[in-house]
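Along the sequence shown, residues carry numbers from 1. Values below: all heavy atoms of this structure, side chains included; hydrogens, waters and symmetry mates excluded.
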Amino acid sequence: MTQPPPGPPHGGELPPEAPRQRPPQIWDTRYDQRDPRTVPASPTAAHQGGPAGFGPAPGAFGPAAPDGPNAAGARGSGGGGKRRKALIIGLGLLLVAGAGTGGWLLWGRGGNDPAQKSKGPAQAVDAKLDWMAPVPDADKEHGLKQMAPLWFAKGNAIMTTSKAVTAYNAETGKPAWSVPIPGSACKASSKVVDGIAAVIHGKEQFDCNMLMAVDVEHGRALWSKELTNDKGLSSPSDGSSLSIDRGLISVADTGGDPKVFAVGNGERKKPRDFGCREYGAVADRSRQLVLAQCQAFGRTFVMKTQPKSDLEKWIWKVPDGLTVQNVLSVEPALLVVGRENDSDPSDLVSLDEKGHLRSLISISAGPYDFSDCWKTELTSCHGAVVDGDTVYLPTKSAEMNVDGVNVNAIVAIDLATGKKRWTAPLGGNRGNRPVAMHEGRLLVYQQATKDESGKLLSLDPADGKPADFLRLPQESNEQEFSIARSGNAYFHDGRFYLVVNEGLMHSTMMMSFH
């Protein structure tokens, strides 16, 4: 690969915290090192406007064929099937073309990862309801809306609503502290990083032009700053990606350079320079995936970087016509992708440790349930659990029980091969959703019905065989059923939480079982 030009494509300077030199980036390549005899010709390559050195990008994924002989009614028809077939052929050609070359896209090989070893279940426990948290008065008149996944810090369960960030003691449920949000909240960071969370808010409900940092370990607001663009004008950011890493809070979208602030005092910082415009990032401990777009070339990339240095470990080119809608896991890298103009996802992309494609998993023809995923929220998919080389997904079913709840199953998929390991129907005529891994086994919440309480099941990762883990009390069945229909489930430090996601009719916001 040739050496990069002296500066990034759009002439920006490297931020002071970044190293003075960076490795050659893929978009710096001056020529294509692949053997042209092995690269399929592209009639559109001449007018794609990309920098020299980028080979033709594969087209958008078409609808996949149904998985299995009985998968009737899958989305898409004849034309989509032909596009999908063409994609598979194209991927095969790229696999051949990528072997041993230095082109812009090297598709990895899928391995045969053995099934996980069986782990014995813990003895089932009849759980008790520890406490219930009511909807705050300030949220009642506007309608309750949870802004982020439940956070946990210093023995508290922390919830962000439209009017406040409030910590509830995990043992008693009593409020430990509450930080008011000026105006109304629009979005909050998906995680707490080093004791800090971030909230986008505005004076009115849809203004979304202020950024607030909250110290959730001590229950205090650190600062609040206006979000302005490069011209100093107020910039609503409700559709932005919000991330915290390396002592910085970043608000990024496709409309301009990221807005970056120091965690400690809110000082505005220069955005990181990746050669292309960053529009999202997801960090997980010492690893990070950054989504970037070269506006001039219309090309999107996913980069795995080291958060402390911003050095790229690998870069993956997103096929033309697709967008990355969600990130299920940073390591292993697992992306939810879909067509640019579609709100529903089409595929899961599994990448290996070098950024090469391991497997392509169709989810539009599964069918799998991604109804809790939001296209503008990179970490909004709460219904999927990733553990090592396996992703656990709930299926989407047209079958409903007498309570109007979809009856579904849980599927384990091998990320190395893209093939199903097993399907667990789980029985009981109920809805089921993956929650978390616990002691090497998958916890699944089996929803309550109007007449019977729910429970946590513990599934063997080797074959999906279930065992009761927590049987929830019958006395709180009515409240549990009400919240579970429109809420999220969490398991943390031996406690099971049900939290309202949004709704106007709830008097209870959160339930805790132990």
Exercise for the section: Inspect the contact between K313 and E353 and indicate whether a charged nitrogen and a carboxylate oxygen are less than 4.0 angstrom apart. Expected result: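 No, E353 and K313 are not salt-bridged.
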Practice task
Flag the pair E452 and R430 as a salt bridge only when some basic side-chain nitrogen lies within less than 4.0 angstrom of an acidic carboxylate oxygen.
Solution key: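 Yes, E452 and R430 are salt-bridged.
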Could you check whether any side-chain N or O of [X] sits under 3.5 Å from a backbone N or O of [Y], counting only pairs where one atom can act as donor and the other as acceptor?
X: Q325; Y: D342; answer: yes
X: N169; Y: G173; answer: no
X: W131; Y: A170; answer: yes
X: S237; Y: S240; answer: no
X: Q479; Y: S507; answer: no

Handout entry: Full working for salt bridge (Lys or Arg N to Asp or Glu O under 4.0 Å) between R358 and D352
Key = CA-CA 6 Å; R358 301 175 72 194; D352 67 13; over 6 Å; no
Exercise for the section: Identify the two heavy atoms, one from F370 and one from P345, that lie closest to each other, and give their separation to 0.1 Å. Expected result: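 Of all heavy-atom pairs spanning F370 and P345, the closest is CB-CG, 4.0 Å.
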Handout entry: Shortest non-hydrogen separation from P121 to A467 and the atoms involved
Key =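 Scanning both residues completely, I find the closest heavy atoms to be CB-CB, 3.7 Å.
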Using a 4.5 Å cut-off on heavy atoms from C-beta on, say whether the side chain of [Y] contacts that of [X].
X: V337; Y: T323; result: no
X: L457; Y: L459; result: yes
X: V324; Y: V302; result: yes

Practice task
Quick one: which residue pairs count as a salt bridge (Lys or Arg N to Asp or Glu O under 4.0 Å) with a foot in residues 366-383, not counting sequence neighbours?
Solution key: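 Passing the test, one end in residues 366-383: K187-E377.
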Handout entry: Residues D139 and T161: side-chain donor-acceptor under 3.5 angstrom
Key =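 A pair is found: one side chain offers a donor N or O, the other an acceptor, under 3.5 Å apart.
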Handout entry: Sub-6.0 Å ring centroid separation between Y497 and H492
Key =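 When the ring centroids of Y497 and H492 are compared, they turn out to be at least 6.0 Å apart.
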Exercise for the section: Taking the six-membered ring for Trp and the single ring otherwise, decide whether the centroids of F469 and H438 are under 6.0 Å apart. Expected result: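 Yes: the rings meet the under 6.0 Å criterion.
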Practice task
Check each of D463, D389, D387, D414 against R421 using the salt bridge (Lys or Arg N to Asp or Glu O under 4.0 Å) test, and report the only one that passes.
Solution key: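 That would be D414; it is the only one of D463, D389, D387, D414 passing the salt bridge (Lys or Arg N to Asp or Glu O under 4.0 Å) with R421.
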Practice task
Might you work through the side-chain hydrogen bond (donor to acceptor under 3.5 Å, both in side chains) test for Q288 and R246, ending with a clear yes or no?
Solution key: CA-CA 11 Å; Q288 180 177 242; R246 201 167 49 93; over 6 Å; no
